[in-house]
Amino acid sequence: MDALATSALRLGDDSLVLGQRLSEWCGHAPALEIDLSLANCALDLIGQATHFLGLAGELEGKVRDADTLAYRRDVMDFTNCLLVEQQNGDFAHTIARQFLFSNYQELLFAGLTASKHARFAEIAAKAVKEVAYHAKLASDWVVRLGDGTDESRTRMIAALDWMWRFSDELFVMDEVDAALGIDKAALRPAWDRRIDAALAEAALERPSPRRGVMGGRAGHHSEQLGHLLSEMQFLQRSYPGATW
Amino acid sequence: MSALHKPPASRRSAMAHAGETSVVKIRAILADIPDPEIPAVSVLDLGIVREVTDDRVVITPTYTGCPATLYIEQAIRRALDANGFMHVRIETALSPPWSTDWISDEGREKLRAYGIAPPPKGAAAASLKNDQRAQCPRCGSLNTVEVSRFGSTPCKALWRCNACVEPFDRFKCH
Amino acid sequence: MYTTDLTGKKQAETVAEDPKKLAAFEARVANDEFIEPKDWMPEAYRKTLIRQISQHAHSEIVGMLPEGNWITRAPNLRRKAILIAKVQDEGGHGLYLYSAAETLGISRDEMTEALHAGKAKYSTIFNYPTLTWADIGAIGWLVDGAAIMNQVPLQRTSYGPYARAMVRICKEESFHQRQGYEIMMAMMAGTPDQQRMAQDAMNRWWWPALMMFGPPDDRSPNTEQSLRWRIKRETNDELRQKFVDITTPQAEAIGLKVPDPALKWNAKRGSYDFGEVDWEEFYAVVRGEGPVAKERMQARVNAWEDGAWVRDAARAHAEKRASAKVAAE
């Protein structure tokens with residue numbers, strides 16, 4: 001697979017896996033309004049994944065379509081970052097994951113809208129408006145939970161602490177990203193400013209620095225991804241070749 | 001089958017249509033295709049149709065994950081075929097992205113009459129910070145409050161009027 | 001989604017109403033005028049409406065569970081997006097209906113509490129499990145189909161906010177029904193495994209769908225008053241017949257067999273004759289003895305209790321903000 005196709009695959013996998021995770025909340029969220037907001041984010045992400053995986057298939061040579069890529073690959077061929085596959089945990093964990101990721105994704109898509117690769121630019125331009133909403137939603141919840149009750153504060157601190165080690169991976173650059181022409185490492189200062197601003201408003205401290213856990217882009221995932229895929233791909237695996 | 005699949009209308013020859021008249025006729029066909037979830041407005045009212053020529057119709061999705069988009073394309077195909085425009089292609093363009101500013105004035109009025117507060121115009125760019133009060137589509141009061149930022153579809157939020165106590169949907173800025 | 005007359009008990013009318021006001025009210029309703037939240041209304045009307053609208057809202061919320069069960073396993077990206085959007089739709093309808101019920105002077109918290117305490121009813125259909133992907137098709141096609149049949153007459157119900165809500169909700173439900181039928185159609189055009197799943201889902205959902213119209217008219221004591229008050233506009237049996245007449249040819253068109261040996265076209269009536277619903281099962285399910293009734297309620301209660309700290313935090317934060325604003329002024 002060439003570098004551009006891999007870029008599209010990474011973007012699609014990030015959205016797909018996070019969308020799949022968020023959709024697990026459906027019907028079980030702490031309040032009806034929250035249920036609707038999480039479902040809406042999941043829907044946006046699945047929509048984006050469909051576009052990016054479709055593009056990956058085209059760039060690869062028009063053999064595999066978006067569904068084939070989503071449903072017929074195994075763990076080692078998934079290229080999403082480790083952050084998005086982390087389990088939902090309690091609502092604070094879901095929010096911490098969304099907060100770190102959506103702020104990154106918004107900056108990334110905003111950058112991509114100016115890409116010389118028109119197909120990437122147009123999907124990003126469409127998606128950035130949706131992702132800005134996700135980032136705002138997650139940041140607002142970080143503030144509410146951080147500056148809410150003692151319990152919510154404790155949970156928010158624990159959740160940020162849990163997710164923090166997966167944030168470095170978001171900004172790692174390699175030759176695939178270079179081919180797309182986006183400098184992910186350069187997004188970091190703007191991301192730091194956004195994260196710090198929300199944490200300050202929530203009167204929360206930035207988790208202490210630690211060694212980042214990585215490997216997602218190379219197909220080296222956490223133990224949870226296999227379970228996520230076996231659930232998501234169950235029908236396609238059990239009934240190969242069937243159309244639904 | 002009744003409710004689910006309408007038989008195609010009488011087929012006419014596409015040969016008679018040419019140039020300008022075709023475009024006018026195609027636009028008239030599109031003006032009769034309702035949004036599948038908010039049938040009070042047509043796909044033209046919503047600004048989903050980006051371009052019409054005598055051999056192609058270019059449409060754009062509202063939200064990337066909105067399932068209505070898929071059905072709209074099918075509905076347009078069926079309507080074009082049924083009216084003899086089998087040769088007209090349907091293309092999808094993502095860029096520039098759709099915004100609620102593309103909803104026509106007529107479309108806004110239809111939404112209001114249907115009980116959905118239309119999105120404010122010119123505010124799409126500022127949608128995240130936009131805290132403009134929605135106007136109650138029923139009594140016109142601006143004494144209204146947002147109940148939930150997210151409603152039954154991605155495009156709507158739930159509001160309530162403090163004057164007449166009516167709950168109502170508001171088409172969100174996007 | 002919605003069901004009629006679950007209680008089967010006649011509401012006790014304890015409030016003595018002003019006969020003049022009552023007569024004027026009855027005349028307005030008989031004249032097909034809308035009653036609005038700030039208008040005078042008899043207490044029994046208010047109570048009946050609260051019961052009906054909140055039942056309807058609860059049904060939407062509990063109804064998110066059987067379909068939510070398949071979101072993570074939807075067979076392709078398109079179906080997944082459609083299903084997420086559908087479940088979001090139901091949540092949104094629930095929220096809208098709770099707001100409509102609030103116009104009658106009850107709070108959402110009170111309604112939620114009643115549901116969790118087992119005091120409020122919701123549509124019995126959701127106490128059946130979703131076992132295969134075909135169940136998602138069957139729910140969309142049959143359950144939403146029955147719901148629409150129940151709801152269309154309610155677009156002309158006498159209570160304004162409810163009637164207006166129904167207009168928009170019915171349109172969205174019709175969209176769902178189409179999607180559900182499409183799932184069944186795709187499966188019936190598919191492999192023998194898929195056809196088997198589709199027929200099995202048909203066999204399991206057909207009768208519960210017929211039960212959605214409520215008990216037979218001669219056992220539905222609320223019907224008469226509800227019809228007079230335009231809270232209801234057609235009887236349970238009339239709606240059930242209509243559903244069978246419309247749905248049977250749809251089933252046959254894609255090769256599904258209706259699981260009723262007594263089903264037969266009656267040319268004289270211009271309708272299908274069909275077998276007797278198992279009313280013992282219906283009343284058992286209404287009593288809360290449906291196959292997954294306990295699971296459904298436990299899921300709702302768990303979500304509510306596990307989420308209490310989130311709602312508390314949001315409230316505490318809003319109060320802090322409000323008092324900080326006051327202090328700054």
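Within every chain, numbering begins at 1; the chains are lettered A, B, ... in the order of the sequence lines, protein sequences first and strands thereafter. Basis for what follows: all heavy atoms, side chains included, without hydrogens, waters or symmetry-related copies. Please read all numbers here as calculations on a predicted model, not as lab measurements.
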Part of A/Arg153 lying under 4.5 Å from any heavy atom of chain C: neither
Heavy-atom closest pair (A/Leu235 atom, C/Pro75 atom, distance to 0.1 Å) is CD1-CB, 3.8 Å
Heavy-atom pairs under 4.5 Å with chain A are the metric here; pick the option from C/Leu95, C/Thr132, C/Thr112, C/Leu83 that has the most. C/Leu95
Could you tell me which of C/Arg315, C/Glu305, C/Gln88, C/Met187 has the largest number of non-hydrogen atom pairs under 4.5 Å with chain A? C/Gln88
Which atoms of A/Glu231 approach chain C - backbone, side chain, both or neither, heavy atom under 4.5 Å: both
Could you state the interatomic distance from SG (A/Cys26) to CG (C/Asn69), rounded to the nearest 0.5 Å? 11.5 Å
Looking at A/Arg144 and C/Ala313, would you say the former's side chain and the latter's main chain have a donor-acceptor pair under 3.5 Å? no
What part of C/Met197 lies closer than 4.5 angstrom to a heavy atom of chain A: side chain, backbone, both or neither? side chain
Using non-hydrogen atoms only, which part of A/Asp150 is less than 4.5 Å away from chain C: side chain, backbone, both, or neither? neither
Under 4.5 Å heavy-atom distance to chain C, tell me which part of A/Leu228 shows up: side chain, backbone, both or neither. neither
Starting at CG of A/Asp67, measure out to NZ of C/Lys80 and round the result to the nearest 0.5 Å. 10.5 Å
What option among A/Asp35, A/Leu36, A/Leu16, A/Leu38 has the most heavy-atom pairs under 4.5 Å with chain C? A/Leu36
Segment of C/Asp312 engaging chain A (4.5 angstrom heavy-atom cut-off): both
Between C/Ile71, C/Val62, C/Leu77, which shows the greatest number of heavy-atom pairs under 4.5 Å with chain A? C/Leu77
Non-hydrogen atoms of chain C under 4.5 Å away: do they reach the side chain of A/Ile46, the backbone, both or neither? side chain
List the steps, then state whether side-chain contact (heavy atoms from CB on, under 4.5 Å) holds for C/Trp309 with A/Leu145. CA-CA 9 Å; C/Trp309 68 272; A/Leu145 297 180; 3.8 Å; yes
I'd like to know whether A/Glu201 forms a salt bridge (Lys or Arg N to Asp or Glu O under 4.0 Å) with C/Lys320, so could you lay out the CA-CA distance, the side-chain angles of the two residues, the decisive distance to 0.1 Å, and finally the verdict. CA-CA 13 Å; A/Glu201 204 186 334; C/Lys320 281 186 201 176; over 6 Å; no
Under 4.5 Å from any heavy atom of chain A, what part of C/Ile61 do you find: side chain, backbone, both or neither? side chain
Name the region of A/Phe91, side chain, backbone, both or neither, that has any atom closer than 4.5 Å to a heavy atom of chain C. both
Ignoring hydrogens and angles, tell me if any N or O in the side chain of C/Arg300 forms a donor-acceptor pair with the backbone of A/Gly27 under 3.5 Å. yes
Distance (rounded to the nearest 0.5 Å) between A/Trp244 CH2 and C/Ile183 CD1: 10.5 Å
Atom pair OG/CZ of A/Ser23 and C/Arg73 - distance to nearest 0.5 Å: 11.5 Å
Step by step, would you call A/His28 with C/Leu65 a side-chain contact (heavy atoms from CB on, under 4.5 Å)? CA-CA 8 Å; A/His28 305 279; C/Leu65 296 170; 3.6 Å; yes
Pairwise distance OH(A/Tyr239) to CH2(C/Trp133) - rounded to 0.5 angstrom: 14.0 Å
Could you tell me which non-hydrogen atom of C/Thr191 sits nearest to which non-hydrogen atom of A/Ala242, and how far apart they are? CG2-CB, 4.3 Å
Residue C/Glu295 excluded, over 12 heavy atoms near CD under 6.0 Å: yes
Got a donor-acceptor contact below 3.5 angstrom from the C/Gln194 side chain to the A/Thr243 backbone? yes
Interchain contact, A/Ala66 with chain C, by part (heavy-atom threshold 4.5 Å): both
Does any backbone or side-chain atom of A/Trp141 lie under 4.5 Å from a heavy atom of chain C? Answer side chain, backbone, both or neither. side chain
Max heavy-atom pair count under 4.5 Å with chain A, selected residue of C/Ala316, C/Gly91, C/Ala189: C/Gly91
For C/Trp304, I'd like to know if atom CH2 has over 12 heavy atoms of other residues, nucleotides or ligands within 6.0 Å. yes
Using non-hydrogen atoms and a 4.5 Å limit, figure out which bit of A/Ile34 sits close to chain C: side chain, backbone, both or neither. side chain
So for atom CZ, which belongs to C/Arg196, do other residues, nucleotides or ligands contribute more than 12 heavy atoms lying within a distance under 6.0 Å? no
Examine distances only and state if a side-chain atom of A/Gln20 and a backbone atom of C/Thr72 form a donor-acceptor pair shorter than 3.5 Å. yes
